[in-house]
Amino acid sequence: MARYCVLLVFLLLSNVGFNHTLRGFTLPNINNININFNDIKGKKLTVVDFWATWCKPCMKAIPKLSHLSSKYRPKGVQFIGINGDGPRNMAKVGPLTRALQIDYLVLLDPDLTIFQDLNVSTFPTLLILNENNEIIWRHEGFLEGDERLIEEAILNNLQ
């Protein structure tokens, strides 16, 4: 019986903090203007990309995400980048955003508050949320061709 109770407590605690819904939050953009997530989310879907300037897979993913953002924005899909660089690299985010021609909003989370709230453990991590902010798809890392998986997930959830 004691083993059963210990196992039950472990299972309960292992799920603490895992959110299947993104709660509203406010973060600064690259111009240090506070932006509320609920004001910018997509009408149908919101794609949230957690990235950092030092992350090589992130740098491969971003141009593909910009293309998908342009393609699906008219269909009610909003892309949002959340940068997780710390204070040392924060000065690189704006110039890199312009150099990569990111065409979607980039927010700054140097304390990794949202990152931690959603149990994100690696860069890049991409989430797709429905209109109720429920996480309906999650993808970690990025390899060439993953943009097709992301687009398929978008299309499957646009119906």
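This structure is a prediction, so every number in the text was calculated from the model and none was measured.
Under the 4.5 Å side-chain criterion, counting only non-hydrogen atoms from C-beta, Leu96 is in contact with Trp51. Residues Leu127 and Phe50 are in side-chain contact: their nearest non-hydrogen atoms beyond the backbone lie under 4.5 Å apart. Between Val77 and Val47 the shortest side-chain heavy-atom distance falls below 4.5 Å. Side-chain contact between Arg138 and Val120 is present, with at least one heavy-atom pair separated by less than 4.5 Å. Residues Asp103 and Arg73 form a side-chain contact, since some pair of their non-hydrogen atoms from C-beta on lies under 4.5 Å apart. Looking only at side-chain heavy atoms (C-beta outward), Leu107 and Ile40 come within less than 4.5 Å of each other. At a threshold of 4.5 Å between non-hydrogen side-chain atoms, the residues Phe37 and Ile82 do not count as touching.
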CA sep, side-chain torsions, deciding dist, call: Asn130, Asn157, side-chain contact (heavy atoms from CB on, under 4.5 Å): CA-CA 8 Å; Asn130 65 16; Asn157 289 287; over 6 Å; no
Chi angles and distances behind the side-chain contact (heavy atoms from CB on, under 4.5 Å) call for Ile62, Tyr104: CA-CA 10 Å; Ile62 287 172; Tyr104 49 85; 4.0 Å; yes
Please step through side-chain contact (heavy atoms from CB on, under 4.5 Å) for the pair Glu151 and Leu155, ending with a clear verdict. CA-CA 6 Å; Glu151 185 168 19; Leu155 289 170; 4.2 Å; yes
Kindly indicate, with the supporting measurements, whether the criterion side-chain contact (heavy atoms from CB on, under 4.5 Å) is fulfilled by Asp146 and Lys64. CA-CA 9 Å; Asp146 281 357; Lys64 309 290 186 184; over 6 Å; no
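Under the 4.5 Å side-chain heavy-atom criterion for Ile, Leu, Val, Met, Phe, Trp and Tyr, Phe115 and Ile80 are members of the same hydrophobic cluster. The cluster map of Ile, Leu, Val, Met, Phe, Trp and Tyr, joined by side-chain heavy atoms under 4.5 Å apart, puts Leu105 and Ile102 in different clusters. Note on Leu126 and Leu27: separate hydrophobic clusters, where clusters join Ile, Leu, Val, Met, Phe, Trp and Tyr whose side-chain heavy atoms are under 4.5 Å apart, directly or indirectly. No chain of hydrophobic side-chain contacts below 4.5 Å, direct or via other Ile, Leu, Val, Met, Phe, Trp or Tyr residues, connects Phe25 to Val106. Leu100 and Val93 end up in the same hydrophobic cluster when Ile, Leu, Val, Met, Phe, Trp and Tyr side chains are linked at under 4.5 Å.
Atom CG of Leu65 is separated from atom CD of Glu147 by 9.0 Å, given to the nearest 0.5 angstrom. To the nearest 0.5 angstrom, Lys43 atom NZ is 15.5 Å from Lys75 atom NZ. The CD1 atom of Ile128 sits 5.0 Å away from atom CD1 of Ile154, with the distance rounded to the nearest 0.5 Å. Atom-to-atom distance recorded for Asn34:CG and Leu108:CG is 10.0 Å, nearest 0.5 angstrom. To the nearest 0.5 Å, atom CG of residue Asp49 and atom NE2 of residue His139 are 10.0 Å apart.
For Tyr72 and Phe79, the ring centers sit 6.0 Å or farther from each other.
In this structure, the side chain of Lys60 does not engage the main chain of Leu143 through any donor-acceptor pair within 3.5 Å. With Asn31 contributing its side chain and Ile33 its backbone, the two residues share no donor-acceptor pair below 3.5 Å. Using a distance-only test at 3.5 Å, with no hydrogens or angles considered, a donor-acceptor pair links the side chain of Thr46 to the main chain of Gly42. Within the 3.5 Å criterion, the main-chain N or O of Glu134 finds no donor-acceptor partner in the side chain of Asn132. No donor-acceptor distance shorter than 3.5 angstrom exists from the side chain of Gln101 to the backbone of Ala99, with no hydrogens or angles considered.
Environment of CD in Glu144: crowded, with over 12 heavy atoms of neighbouring residues, nucleotides or ligands closer than 6.0 Å.
Of all the heavy atoms in Pro110 and Met90, the pair that sits closest is CB-CE, 3.5 Å. Contact record, Pro74 with Ser70: CD-O, 3.5 Å, taken as the closest heavy-atom pair. Across Pro124 and Cys55, no two heavy atoms sit closer than the pair CD-SG, 3.6 Å.
No donor-acceptor contact under 3.5 angstrom links the side chains of Asn89 and Asn83, judged on distance only.
For the side chain to side chain contact (heavy atoms under 4.5 Å, CB included) with Ile136, the qualifying choice from Leu45, Leu129, Asn156 is Leu45, the only one to do so.
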